[in-house]
Amino acid sequence: MRRCGLCVALDAPDLVTAEAWARAVAPHAGLLKVGLELFLAEGGAAVRRIAAHRPVFLDLKLHDIPNTVAGAVRSVLPLRPACVTIHAAGGAAMVAAARRAAEEAGADRPRILGVTVLTSLDAATLAETGVAGGPVQQVLRLGRLAVAAGADGLVCSPREVAPLRALLGEAPDLVVPGVRPAGSAADDQARTATPEEMAEAGATWVVVGRPVTRAADPAAAARAIAAALGGAP
Ligand code: C5P
């Protein structure tokens, strides 16, 4: 069976907090996620510092014209992130431009991951934006488009992991937020699943934030999730 790893979301407003979490969870996590909150507050220094602990998943969710997205990807190449996210809804040309820009870094280029449909959007809010058919159908449509255009993987909710694997096969990375260990609080995640369920369904990475970073003992919380996924990275 495919190996599923733990990515811990370091959603902190400052680098001191994020680095303390990074130090605690690094033995149990394969990736550390730096999102817009930390990146906009601390800039590239945050990526460099966090990358000293584990490879960085740089979650910028880029969405602009292809030339601008390519430039943004090029701008972060010196930070050597392991992955960078873009919105698949930006279209095939934008995804392809991001991939070409990433390839300028050579063999250890960042992987380009396409965000499909944000988990905060349900069928009603998607319909307001002109998207009919509901989230699962839209995730499958955008997932196929993004992978065909050069995305190395996709970000999706727990419910779309199995259908995306069935549609796209083994190659793409499937990165899944909204994962909660059995018995822990859902926070504001509407649709959750356990790490074990996601490993079984074919996820490549589960992304877990608050159940680890807000735990009394973040290292122990990360260790328990890594164990549920089959052991340390
Ligand atoms: O704290 P929690 O485990 O809910 O954090 C999940 C992380 O995954 C956050 O960084 C959040 O921004 C991110 N994410 C998400 N849903 C998406 C895409 C990203 O929860 N659709």
Side-chain angles (χ1 to χ4, degrees), residues 4-15 17-18 21-22 24-25 28-42 46-47 50 54 56-63 81-90 111-123 125-126 129 131 134-136 138-140 142-143 146 151 153-161 163-164 173-195 197-198 203-216 218 221-222 224-226 228-229:
C4 182
L6 171 63
C7 173
V8 175
L10 304 176
D11 292 322
D14 64 86
L15 186 49
T17 308
W21 290 339
V25 305
H28 315 292
L31 283 176
L32 298 172
K33 185 165 93 75
V34 173
L36 285 170
E37 181 182 11
L38 182 60
F39 188 72
L40 294 177
E42 302 274 5
V47 179
I50 299 300
R54 276 286 168 192
V56 169
F57 176 125
L58 187 53
D59 191 15
L60 300 181
K61 296 190 175 74
L62 301 171
H63 190 172
C83 332
V84 178
T85 53
I86 61 172
H87 270 286
R111 296 175 76 74
I112 297 295
L113 304 178
V115 175
T116 53
V117 175
L118 296 172
T119 45
S120 50
L121 301 179
D122 59 13
T125 46
L126 277 178
T129 69
V131 175
V136 176
Q138 182 68 354
V139 167
L140 294 177
L142 290 176
L154 302 166
V155 183
C156 64
S157 89
R159 74 160 64 160
E160 292 115 22
V161 173
L164 279 172
D173 295 345
L174 295 183
V175 179
V176 190
V179 172
R180 293 288 178 268
S184 72
D187 302 308
D188 56 355
Q189 296 285 5
R191 296 189 293 274
T192 65
T194 65
E197 287 167 341
M198 289 299 89
T204 315
W205 296 100
V206 296
V207 180
V208 185
R210 288 161 292 181
V212 170
T213 57
R214 303 296 150 88
I225 296 170
L229 293 171

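Whatever order the structure lists ligands and atoms in, that order sets their numbers, starting from 1. For clarity, every value in this text was computed on a predicted model and none was experimentally measured.
A distance-only check finds a donor-acceptor pair linking the side chain of Glu42 to the backbone of Leu15 [under 3.5 Å]. In this structure, Thr204 contributes its side chain and Cys4 its backbone to no donor-acceptor pair below 3.5 Å. Looking at Arg111, its side chain never comes within 3.5 Å of a backbone N or O of Ala82 through a donor-acceptor pair. Of the possible polar contacts, none joining the Arg210 side chain to the Asp187 backbone as a donor-acceptor pair under 3.5 Å is found. Under the 3.5 Å distance criterion, the side-chain polar atoms of Thr192 are left unmatched by any main-chain donor or acceptor of Val179.
Every residue two or more places apart in sequence or in another chain was checked for a side chain to side chain contact (heavy atoms under 4.5 Å, CB included) with Ala224, and none qualifies.
Around ligand 1 you find Ala9, Asp11, Lys33, Lys61, Leu118, Thr119, Pro177, Arg180, Gln189, Val207, Val208, Gly209, Arg210, Pro211, each with a heavy-atom distance below 4.0 Å.
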